[in-house]
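Values reported hereafter were calculated over all heavy atoms of this structure, with side chains retained and with hydrogens, waters and symmetry mates removed. Reminder, nothing fancy here: chain letters follow the sequence lines and each chain counts from 1.
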2 protein chains.
Amino acid sequence: MAHIIVVGNEKGGAGKSTVSMHVATALSRLGKTVAVLDLDLRQRSLLRYMENRQDFIKRSGIELPTPTYHELPEIDPSTLAEGENVFDKRLTAAVEGVAPDCDFILIDCPGSHTRLSQMAHSLADTLITPLNDSFVDFDLLARIDPKAEKILGPSVYSEMVWNARQWRAQAGLQAIDWIVARNRVGSQRMLNKDKMAKAVSMLAKRIGFRVAPGFSERVIFRELFPRGLTLLDLKDIGIKQLNISNIAARQEMRDLMKALNLPNVMI
Amino acid sequence: MAHIIVVGNEKGGAGKSTVSMHVATALSRLGKTVAVLDLDLRQRSLLRYMENRQDFIKRSGIELPTPTYHELPEIDPSTLAEGENVFDKRLTAAVEGVAPDCDFILIDCPGSHTRLSQMAHSLADTLITPLNDSFVDFDLLARIDPKAEKILGPSVYSEMVWNARQWRAQAGLQAIDWIVARNRVGSQRMLNKDKMAKAVSMLAKRIGFRVAPGFSERVIFRELFPRGLTLLDLKDIGIKQLNISNIAARQEMRDLMKALNLPNVMI
Ligand SMILES: Nc1ncnc2c1ncn2[C@@H]1O[C@H](COP(=O)(O)OP(=O)(O)OP(=O)(O)O)[C@@H](O)[C@H]1O
Ligand SMILES: Nc1ncnc2c1ncn2[C@@H]1O[C@H](COP(=O)(O)OP(=O)(O)OP(=O)(O)O)[C@@H](O)[C@H]1O
Ligand SMILES: [Mg+2]
Ligand SMILES: [Mg+2]
């Protein structure tokens with residue numbers, strides 16, 4: 001049965017699609033069979049990334065390990081049972097359709113609150129939540145006092161995760177392994193960075209997630225999007241010499257993959 | 001009649017709420033009467049910013065110029081005319097309620113496609129679209145070829161703006177002054193940064209928006225959120241000496257306000 005990785009955060013621009021593309025590509029490069037689903041049906045950044053990758057492979061002739069993208073099947077609403085939600089049916093049909101043939105299913109969620117995203121969170125074996133290194137983003141996880149020293153209570157997104165956990169417990173499913181990864185972290189030592197690190201680790205203990213090493217703010221994480229590439233592909237396209245920032249980025253990628261602790265994945 | 005400034009971009013995390021708070025506060029500090037509306041009814045980052053600001057003013061006793069936040073009025077659906085949309089009614093009621101008493105109404109949009117956001121775009125005198133310095137964000141404005149040299153066609157967000165413009169033209173309203181401001185721009189000289197600058201200016205000519213100088217990636221733009229402050233308030237709270245980055249940030253703020261070309265605003 002495929003292991004389901006969901007990448008979610010209701011806050012816009014946290015880095016969900018970026019993390020999704022990098023984790024899915026890393027798993028493909030390790031020889032795993034990976035299916036990806038993009039639940040952001042209008043923006044479709046992950047689909048666009050995959051399209052650019054296919055286009056690059058076709059134009060360059062270079063065979064790159066690649067996840068396979070799957071659309072959610074259309075469902076005729078008249079076939080739904082009483083009280084059944086069409087989005088739930090589309091998602092479960094997509095997952096059941098690919099699960100037998102792959103090692104991992106990676107699901108990218110939109111930066112807003114949708115029924116599809118709620119449903120995906122309750123299907124997650126592993127949930128990765130990227131987080132900008134900012135209290136604007138932290139505010140969607142929990143309320144904190146103005147000096148950022150005391151957690152005052154959970155916010156809308158952590159409540160949604162809590163509900164997904166309850167649903168899984170009632171269904172007798174294994175608990176979600178919830179991992180929060182800071183993203184676009186600044187390079188210099190800064191007070192804000194230290195405060196964020198403290199606040200995230202305080203919250204981890206309180207609501208039960210693991211904190212993974214994340215990504216720094218590096219142009220290599222975004223500049224390859226037009227060609228559908230990631231920094232892991234650079235050797236295959238003939239770039240032998242990596243600069244310092246790209247070497248550090250590869251290390252950050254490796255550290256994240258290790259922290260995810262995925263079944264049968266040796267880093 | 002109040003001048004309506006809408007801050008919008010369907011792409012999550014572009015910097016809409018950050019730009020909204022800074023522009024609204026700058027106008028208040030210039031002695032203008034500013035009403036703010038937050039159309040992200042679930043995330044409410046701008047409301048949270050305003051709450052933190054009120055809380056800081058109360059606790060510190062320091063009088064800071066402050067925009068006034070307004071909720072969208074609840075509308076009883078049974079009072080709607082045939083075919084009238086409840087969200088349209090809530091937004092127009094909110095705008096009409098505050099317009100007589102203020103110089104500016106600033107409306108922050110969510111990072112997704114909603115009816116409220118569509119409606120707000122058609123009410124805009126000035127539309128500010130912040131954009132991360134990344135082709136992932138650019139993809140929501142337009143499709144571009146893999147070498148980022150040719151614009152292939154508009155994307156979902158620019159099509160939505162196009163529709164709002166059509167609507168205004170048919171209603172005999174003045175054209176929207178559409179301004180795109182790059183945000184979180186890296187400090188070093190980078191190929192990606194140059195390519196983005198070229199692509200944005202190419203698109204500006206093609207679909208008719210102005211490009212404003214934007215904000216660099218600076219921690220000062222985000223670290224004051226827990227206290228509801230902006231870098232413009234630092235003098236009032238007793239910080240006389242600004243560091244180099246904060247001086248540069250003030251200049252970026254001043255350049256943006258100048259570029260907006262707002263009525264009766266001298267920078
Ligand atoms: N570590 C990083 N370094 C530099 N840029 C990054 C990094 N991570 C993400 N970005 C950029 O930040 C922006 C937001 O990232 P992304 O689109 O992946 O977030 P998202 O959470 O999927 O957004 P949405 O809420 O719109 O779905 C993009 O422009 C992306 O290129
Ligand atoms: N110039 C900047 N420098 C540093 N950080 C920034 C800058 N602009 C925005 N940020 C940070 O980037 C993140 C996204 O900004 P913000 O929340 O304002 O975007 P948004 O477009 O309103 O997002 P959403 O789509 O969720 O509404 C936040 O964590 C914010 O603190
Ligand atoms: Mg995304
Ligand atoms: Mg916002």
Side-chain angles (χ1 to χ4, degrees), chain A residues 9-18 21 40-45 48-49 52 55-56 59-60 110-114 132-140 143-148 155-157 184 186 188 190-193 195-196 199 217-228 245, chain B residues 9-18 21 40-45 48-49 52 55-56 59-60 110-114 132-140 143-148 155-157 184 186 188 190-193 195-196 199 217-228 245:
Chain A
N9 187 339
E10 262 188 63
K11 179 72 187 75
K16 296 176 290 291
S17 301
T18 301
M21 187 65 189
D40 196 332
L41 302 182
R42 181 167 160 96
Q43 199 182 101
R44 306 170 83 87
S45 295
R48 295 282 304 122
Y49 212 134
N52 292 348
D55 191 55
F56 176 84
R59 275 182 304 105
S60 68
S112 57
H113 180 67
T114 66
N132 264 307
D133 214 37
S134 164
F135 283 102
V136 175
D137 276 45
F138 188 87
D139 200 51
L140 274 274
R143 291 294 150 85
I144 199 161
D145 74 298
K147 290 207 179 57
S155 293
V156 287
Y157 179 66
R184 304 187 76 173
Q188 298 109 0
M190 292 180 301
L191 186 60
N192 183 70
K193 196 164 130 183
K195 277 189 171 173
M196 271 296 290
E217 169 78 27
R218 297 184 193 280
V219 78
I220 193 69
F221 285 118
R222 58 173 179 234
E223 71 180 332
L224 300 173
F225 168 80
R227 288 181 290 165
S245 176
Chain B
N9 187 341
E10 258 187 67
K11 178 71 187 74
K16 295 178 290 292
S17 301
T18 300
M21 185 65 191
D40 196 331
L41 302 180
R42 180 167 162 98
Q43 202 183 98
R44 307 168 81 86
S45 295
R48 295 281 306 123
Y49 214 136
N52 292 348
D55 190 55
F56 176 84
R59 275 183 302 106
S60 69
S112 58
H113 180 68
T114 66
N132 264 306
D133 215 35
S134 162
F135 283 102
V136 174
D137 277 44
F138 189 87
D139 200 52
L140 273 276
R143 290 296 150 83
I144 200 162
D145 75 300
K147 292 207 176 59
S155 291
V156 286
Y157 180 66
R184 304 189 74 174
Q188 299 109 8
M190 289 178 306
L191 184 61
N192 184 70
K193 198 164 132 182
K195 277 188 169 176
M196 271 296 288
E217 167 78 29
R218 296 183 194 280
V219 77
I220 192 70
F221 285 119
R222 58 172 179 236
E223 69 178 338
L224 299 173
F225 168 80
R227 287 180 290 164
S245 177

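- Among B:K193, B:H113, B:E217, the residue making the largest number of heavy-atom pairs under 4.5 Å with chain A is B:H113.
- Using a 4.5 Å cut-off between heavy atoms, A:D55 touches chain B through its side chain atoms alone.
- Note: B:P226 leads B:S112, B:P226, B:G228 in heavy-atom pairs under 4.5 Å with chain A.
- Ranking A:D137, A:L191, A:N132 against chain B, the residue ahead of the rest is A:N132, based on heavy-atom pairs under 4.5 Å.
- Looking at A:F135, the atoms closer than 4.5 Å to chain B (heavy atoms on both sides) sit in the backbone and in the side chain alike.
- Remark: the backbone N or O of B:Y157 is not paired with any side-chain donor or acceptor of B:S155 at under 3.5 angstrom.
- Heavy atoms of A:K147 lying under 4.5 Å from chain B are absent altogether.
- Taking the side chain as every heavy atom from C-beta outward, A:R48 and A:F225 approach each other to under 4.5 Å.
- For the options B:Q43, B:E223, B:R227, B:R59, heavy-atom pairs under 4.5 Å to chain A are most numerous at B:Q43.
- For chain B, the option among A:R184, A:Q188, A:M190, A:E10 with the highest count of heavy-atom pairs below 4.5 Å is A:R184.
- The most heavy-atom pairs under 4.5 Å with chain B, out of A:G12, A:A148, A:A14, come from A:G12.
- Ranked by heavy-atom pairs shorter than 4.5 Å toward chain B, the options A:M196, A:R143, A:K195, A:K16 are led by A:R143.
- Chain A forms more heavy-atom pairs under 4.5 Å with one residue of B:D139, B:N192, B:V219 than with any other, namely B:D139.
- Judged as a side chain to side chain donor-acceptor pair (under 3.5 Å), and not counting sequence neighbours, B:T18 has no contacts.
- For A:F56, there are no ring pair (Phe, Tyr, Trp, His ring centres under 6.0 Å) partners two or more places apart in sequence or in a different chain.
- Atom-to-atom distance recorded for B:S17:OG and B:Y49:OH is 10.0 Å, nearest 0.5 angstrom.
- Ranking B:D133, B:D40, B:D145 against chain A, the residue ahead of the rest is B:D133, based on heavy-atom pairs under 4.5 Å.
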